[in-house]
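Remember, predicted model here, so these are calculated numbers, not experimental data. Labels below follow one simple rule: chain letters A, B, ... track the order of the sequence lines, proteins then strands, and each chain is numbered from 1.
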2 protein chains.
Amino acid sequence: MQTLRRSKVRDQATEQIKHYIVERKLGPGDRLPTETQLAETLGISRLSLREATKSLEFLGIVKSKTGVGLTVGRIDMERVTEHLGFHAGLLDVDPHQLIDSRVILETGVLPYVVRRMADDPTIETRLREIVGQFESARDLKTFIALDIQFHRSLLEASGLQPLVAFGDLLHVFFQRFRESVKQAAWKAGVESHRRLVDFLAKGRIDDATAELRKHIESHKERI
Amino acid sequence: MQTLRRSKVRDQATEQIKHYIVERKLGPGDRLPTETQLAETLGISRLSLREATKSLEFLGIVKSKTGVGLTVGRIDMERVTEHLGFHAGLLDVDPHQLIDSRVILETGVLPYVVRRMADDPTIETRLREIVGQFESARDLKTFIALDIQFHRSLLEASGLQPLVAFGDLLHVFFQRFRESVKQAAWKAGVESHRRLVDFLAKGRIDDATAELRKHIESHKERI
DNA sequence: GGGATTCAATTGTCAGATGATCTATCGACT
DNA sequence: AGTCGATAGATCATCTGACAATTGAATCCC
């Protein structure tokens, strides 16, 4: 037999659309035919075509705007990371692994941060600004928000977008046991952040690494 | 000014479905409500709900079978690669950032690998097995497959699932310039892999780190 | 009891219609 | 003449309703 299982109309459509894009060497921003036209060309209903385009849109391969039409999109890692949370390895993660992963990610980034801090003084300003805001934090909620902001800024300071995206994802899973931080730990955390920035500003990578590692691993005591 | 655009029904639906899965801690294979039920619960038409599920299905987050219903799926990175890698022009990630990210990720993992290698001898066996298979690789395709396999095994050897997941994602975006590897580079790559395993087996983390960094950064010459 | 059949449940596909939103053109007013 | 606003057309967004295709289990027949 030719086809064991008949390929679904929708899946054929997605392939056809991708083929259309490649064949005509279309790039981000280029126009695609309208839904009606595409459906007619492929000989399927507009609905099936929509299911196809919506799938492609999910990853950013195409973009659709009301009143405008379909255009070729640009895929960025952030979008994919956003949905990656369902990767089998992440659905049910051991907190220890989560912590270790964060240590690797954030300490690994420090050499890059130091390098970029030397060129761009706004990075240090930004980090110190957040540290300063810690002082006026009164409740757990704002404290957590600031903590996330600080660590995100740290990753951003490396200039490595993929790691920022991944860091965001880790934070989502980290959230649940962040809330168990005791008031006593705040103060220590604030001091730790401040020392970290100091080390970075002086280019003392090893000290900064040790400080950051200790800071993140302190979460292990609360598991 | 903040563009106040109403979030589309479909996008809300995808979020709701993901939320549903996470909230109930559903894993691959678990059943979801039927389309009709879901649509009713969310207060939207079955059609809009379908566009949502089809999007999720595109990444493998959910699976649907005629006559059976919806089940939770397992994200298949190969599938993601297949869709994402079809047109390099659509990918918007700075290659340098990609390489640097990989360096941080994989070198950061090495101390953990060494530690676990000491306890579990199968790890070294596994890595050497892949290195051995490189010898018999005849075409670019199998070479690439082995390279991916090696680096994935390396991450797995750390025991840190989140990083494995992230590594998978990076490989998706890395794919495109893997294909530009010249035959001459194969041999060097194989040797580098072998040296890396040797260093790891001896617990020489610094040497291993340097070797791995050099290996990954060699891609920079081909940009 | 075992195999074939029927049937209910569920997804797959279609057609048609209406609302929402964007672009562009045209016209009025200064 | 130039600017602003309104109108119209194009296009996507969403809904309703219906029927076909597929699956899995209950049922029936021997």
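- Applying the 4.0 Å criterion to OP1 and OP2 of C:dC14, one finds that A:Ser48 has a side-chain N or O inside that range.
- Within a 6.0 Å sphere centred on CD of B:Glu78, other residues, nucleotides and ligands contribute 12 heavy atoms or fewer.
- Nearer to the 5' terminus of DNA chain C, by closest-nucleotide assignment, is the contact made by B:Gly69 (compared with the other of B:Gly69 and B:Leu47).
- Each of A:Lys54, A:Arg10, A:Arg50 was evaluated against B:Glu51; a single residue qualifies, A:Arg50, per the salt bridge (charged side-chain N to carboxylate O under 4.0 Å, His left out) test.
- Taking atom CG of B:Leu70 as the reference point, atom C1' of D:dT23 lies 14 Å away to the nearest angstrom.
- Pairing each heavy atom of A:Ser153 with each of A:Leu127, the nearest pair is CB-CD2, 3.8 Å.
- Which of C:dT11, C:dC14, C:dG12 sits closest to the side chain of A:Arg10 comes down to C:dG12.
- The side chain of A:Ser45 places an N or O atom within less than 4.0 Å of a non-bridging phosphate oxygen (OP1 or OP2) of C:dC14.
- The listed nucleotides are C:dT13, C:dT21, D:dG24; the one nearest the side chain of B:Lys65 is D:dG24.
- Distances shorter than 4.0 Å separate some side-chain N or O of B:Arg50 from OP1 or OP2 on C:dG12.
- Applying the 3.5 Å distance criterion, the base of C:dG16 shares no donor-acceptor pair with the side chain of A:Arg46.
- Closest contact between the side chain of B:Thr66 and the listed nucleotides C:dA20, C:dG12, D:dC15 involves C:dG12.
- Each of D:dC12, C:dT11, C:dT23 was ranked by its minimum atom distance to the side chain of A:Val68; first place goes to C:dT23.
- Candidate nucleotides D:dT14, D:dC12, C:dT11 were compared by shortest atom distance to the side chain of B:Thr34, and C:dT11 ranks first.
- Going from atom CZ of A:Arg31 over to atom P of C:dC22 covers 14 Å, rounded to whole Å.
- For A:Lys54, a side-chain nitrogen or oxygen approaches OP1 or OP2 of D:dA13 to under 4.0 Å.
- For B:His87 and A:His19, the ring centers are positioned 6.0 Å apart or more.
- With a 4.5 Å cut-off on side-chain heavy atoms, B:Leu32 and B:Thr71 do not count as touching.
- Taking atom CD of B:Glu51 as the reference point, atom C1' of D:dA13 lies 8 Å away to the nearest angstrom.
- As a whole-Å value, the separation of A:Asp11 CG from C:dT13 C1' is 13 Å.
- Nearest-nucleotide mapping onto DNA chain C: of B:Leu32 and A:Leu49, the residue sitting toward the 5' end is B:Leu32.
- A:Lys63 comes within 4.0 angstrom of nothing in the nucleic acid, heavy atoms only.
- Rounded to whole Å, atom P of C:dC14 lies 11 Å from atom CG of A:Leu42.
- Between D:dA13 and A:Ser64, a contact under 4.0 Å exists linking OP1 or OP2 to a side-chain N or O.
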